[in-house]
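Every chain is numbered from 1, with letters handed out A, B, ... down the list of sequences. Any value given below was found using the heavy atoms of this structure, including those in side chains, with hydrogens, waters and symmetry copies removed.
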Amino acid sequence: MPEPFKLYNTLTRKVEDFEPQQPGHVGLYVCGMTVYDHCHVGHARAMVVFDTFVRYLRHRSWDVTFVRNFTDVDDKIIARANQCGEPSADLAQRYIDAFGHDMTALGLLTPDQQPRVTESMDAILEMISALVADGHAYAADGSVWFSVKTFDEYGKLSGRKVDELRSADEGVPGKADPADFAVWKASKPGEPSWPSPWGPGRPGWHIECSAMAKATLGATIDIHGGGLDLVFPHHENEIAQSECGNHAPYVRYWMHNGLLNVASGQKMGKSLGNVVNIEDAVKVFPAEAIRLYYLQNHYRSPLPWDDTALSKALSMLARIYEAREAAEAMNGAGAAEDLSAANKAAADKVSKELGAAAIECLQVAREFEARFYTAMDNDFNTAQALGHVFELARAVNRLANHKKAKKRGGPIAREALAAFELLATAMGLCTASSAEFQAEVKRKRLGVLGVTVQEIEALLEQRTQARADKDWARADAIREALEAKNIVVMDSPEGVDWRIRV
RNA sequence: GGCGGCAUAGCCAAGUGGUAAGGCAGAGGUUUGCAAAACCUCCAUUCACCAGUUCGAAUCUGGUUGCCGCCUCCA
């Protein structure tokens, strides 16, 4: 049985109990990319937030249909294509492919459906026809305009008043009211176009989402997501088109993620020229560090971005991985499969024998699931849920410091590992093995630091020899040399290991 | 100018009526040949400011100030 949860609804500006149309099912439509450029870390916040949302809901037994579109016909695409001297369809396809690579590199789920404007033309024309037939839209000079004043509820999402609206295409011939917006644009020479009852043209910016949402999820969808900057005009206009065209409520819950802020306090945006592409970010940071960076804040809050953002997130991620490694080292491998009554009884017994650290660790491990769910079910509060993860990490590390933990902590560690398993399944963090994670960190960070593994290992060998000779001065000199390159040398009874200072 | 949102320690941040989670940074300690990691202790009598409601407010109400987003393409 799916578990109930609460969600902030931009339409009502309240946190509400989520009530699906069909029991157990969530239809989710997320505004994807207009494919005229690469996906940057600002876009990726929306992608990661909704990916995590879907993972979590599925983990909680919801049957989720996840739709994310591509807008592959648009003024900006045409403009960019003309600039490059490339057919706009080719340019769009190029960026769709790049987006796919970026999402794969980020480790995101593929949506159940990824409709495109160019493949949804029938649905778009059908919706425009319905609007024209009902008098909600009118044709003029080969274009079709939505008549905002025919929809009394216009402005209900964004709080706009129709009379105060000015328009993007002020003074365009044929447009009857300043607030009206295009649902179909007559094509100009050299632009891609499709035949329509009003002449050759292409869809306006907003109609494609209305039509694709209906085609994939039906007239009324459960949750519609996207960035906060899409509230007006995009989502407001979608509501107007869909509700007038379908005679049904369009969206039950509007879910908007906050934007990234650069250090100056401004948002990140292509027009501001302060963007970092995902393609570049994933070359130098593990995907999960990027994911954690987004999830450390509540999805609706603005999220500060600066040069240190990802390396801070990587430090946090490393702490979680290392705690899990500590749990594994306590003979705790085997994780969730062995949470039998026998293991629980053994854990109870061991915790009493080992004392406070063990008792606390067991308690934190056992309470983790309920706390995690409570945080996530309350408007998807990943920041609070991660707070619980760090408490778990501390409790595990504390137990691991106990001198008897390594031999006897297994039953407790297994319960802790079940909690880490939950983190991986429900939030997509800690999905790799510790070895894989360390390897990825080294692979991606060494290049940035300008150091090679060979170089490091050669120095470590010399240092091992120096230590064997008890030549501490020499050993320390080598340590310092490595330290200067941000390589941390770690001696342990098992031998020498090294990590990158993140 | 209009609409919406935000303001919690050096920094990031959770917390929507019951007495301030968590992370980073910092100080001291345990451990170590020396380190690193980890752990322990310390680090906001206080939540932008001013009134008010209440037994009780970071949390509710009104006002003030500051910041941000949207109003033009934007996740």
Side-chain angles (χ1 to χ4, degrees), chain A residues 10 13 15 30-34 36-37 39-50 74-76 79 155 157-161 163-170 205 225-234 236 256-261 264-272 275 292-293 296-298 300-304 306 308-309 311-313 315-316 318-320 322-323 325-326 357 371 375 378 381-402 467 470-473 475-476 479-480 482-483 487-492 497-499 501:
Chain A
T10 309
R13 308 197 182 278
V15 176
V30 175
C31 281
M33 296 275 294
T34 298
Y36 69 105
D37 206 337
C39 178
H40 62 62
V41 289
H43 300 120
R45 183 179 191 190
M47 305 311 156
V48 168
V49 161
F50 289 104
D74 174 86
D75 292 348
K76 296 187 296 296
L157 181 68
S158 61
R160 296 296 135 93
K161 294 184 181 72
D163 292 336
E164 290 167 1
L165 293 175
R166 329 257 359 272
S167 68
D169 13 43
E170 194 78 50
W205 174 30
L228 197 57
D229 53 351
L230 292 178
V231 170
F232 188 88
H234 188 52
E236 193 70 70
H256 290 104
N257 62 276
L259 308 180
L260 254 53
N261 285 172
S264 60
Q266 248 72 67
K267 76 165 187 171
M268 178 175 287
K270 286 174 192 171
S271 53
L272 298 171
V275 299
L292 178 59
Y293 162 66
Q296 67 180 316
N297 262 27
H298 187 90
R300 286 193 281 120
S301 302
L303 179 58
D306 62 48
T308 67
S311 70
K312 283 176 183 161
S315 302
M316 293 168 82
R319 181 168 164 80
I320 299 171
E322 283 165 22
E325 206 173 348
R371 288 168 183 269
N378 181 23
N381 195 333
T382 55
Q384 190 170 55
L386 282 166
H388 299 318
V389 173
F390 285 104
E391 283 172 353
L392 173 73
R394 178 161 43 79
V396 167
N397 284 332
R398 193 177 168 204
L399 172 60
N401 273 359
H402 195 293
R467 291 184 74 211
K470 298 215 189 303
D471 182 355
W472 305 126
D476 290 350
R479 173 196 291 290
E480 275 160 35
L482 286 164
E483 191 84 33
I487 303 303
V488 180
V489 180
M490 296 154 61
D491 296 322
S492 77
D497 195 6
W498 61 277
R499 296 271 163 89
R501 185 181 304 286

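- The ring-ring contact (aromatic ring centres under 6.0 Å, His included) search around A:H388 returns none, not counting sequence neighbours.
- Of all nucleotides listed (B:rG22, B:rA13, B:rG69), B:rA13 comes nearest to the side chain of A:N297.
- A search for side chain to side chain donor-acceptor pair (under 3.5 Å) contacts involving A:R319 returns nothing, not counting sequence neighbours.
- Among the atoms of the strands shown, none is found under 4.0 Å from any heavy atom of A:K312.
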Original post:
What one-letter contact string describes nucleotides 25-35 of chain B from 5' to 3', where B marks a base within less than 4.0 Å of any protein heavy atom, S marks contact via sugar-phosphate atoms alone, and - marks no contact?
Top reply: --------BBB

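- Each of A:M47 and A:E322 was assigned the nucleotide of RNA chain B with the nearest heavy atom; the assignment lying further toward the 5' end belongs to A:E322.
- A:N397 comes within 4.0 angstrom of the backbone, heavy atoms only, and of no base.
- A:R467 meets the side chain to side chain donor-acceptor pair (under 3.5 Å) test with A:D491; sequence neighbours excluded.
- Here A:Y293 pairs with A:W305 under the ring-ring contact (aromatic ring centres under 6.0 Å, His included) rule; sequence neighbours left out.
- Residue contacts shown for A:R499 are absent, as no nucleic acid heavy atom lies under 4.0 Å away.
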Atom pairs under 3.5 Å: protein N/O with N/O of nucleotides 1-6 of chain B:
residue : atom : partner : partner atom : Å
B:rG2   : O2'  : A:E164  : OE1          : 2.7
B:rC3   : O2'  : A:S158  : O            : 3.0
B:rC3   : O2'  : A:G159  : O            : 3.3
B:rG4   : O2'  : A:R13   : NH1          : 3.4

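- Picking from B:rC70, B:rC12, B:rC73 the nucleotide with the shortest atom distance to the side chain of A:D229 gives B:rC70.
- Partners of A:E480 according to the salt bridge (charged side-chain N to carboxylate O under 4.0 Å, His left out) rule, which considers only residues two or more places apart in sequence or in another chain, do not exist here.
- The residue A:H298 sits close only to the backbone: its heavy atoms come under 4.0 Å of sugar-phosphate atoms, none of a base.
- Among the protein residues, A:G155 comes within range of no part of the nucleic acid, since none of its heavy atoms lies under 4.0 Å from any strand.
- With sequence neighbours excluded, the residues forming a side chain to side chain donor-acceptor pair (under 3.5 Å) with A:R501 are A:E483, listed by chain and number.
- Listed by chain and number, the residues in a salt bridge (charged side-chain N to carboxylate O under 4.0 Å, His left out) with A:K312 amount to none (sequence neighbours excluded).
- The pairing partner recorded for B:rU45 is none, the criterion being a Watson-Crick or G-U wobble arrangement whose two distances lie under 3.5 angstrom.
- Using a 4.0 Å heavy-atom criterion, one finds that A:S301 contacts the sugar-phosphate atoms exclusively.
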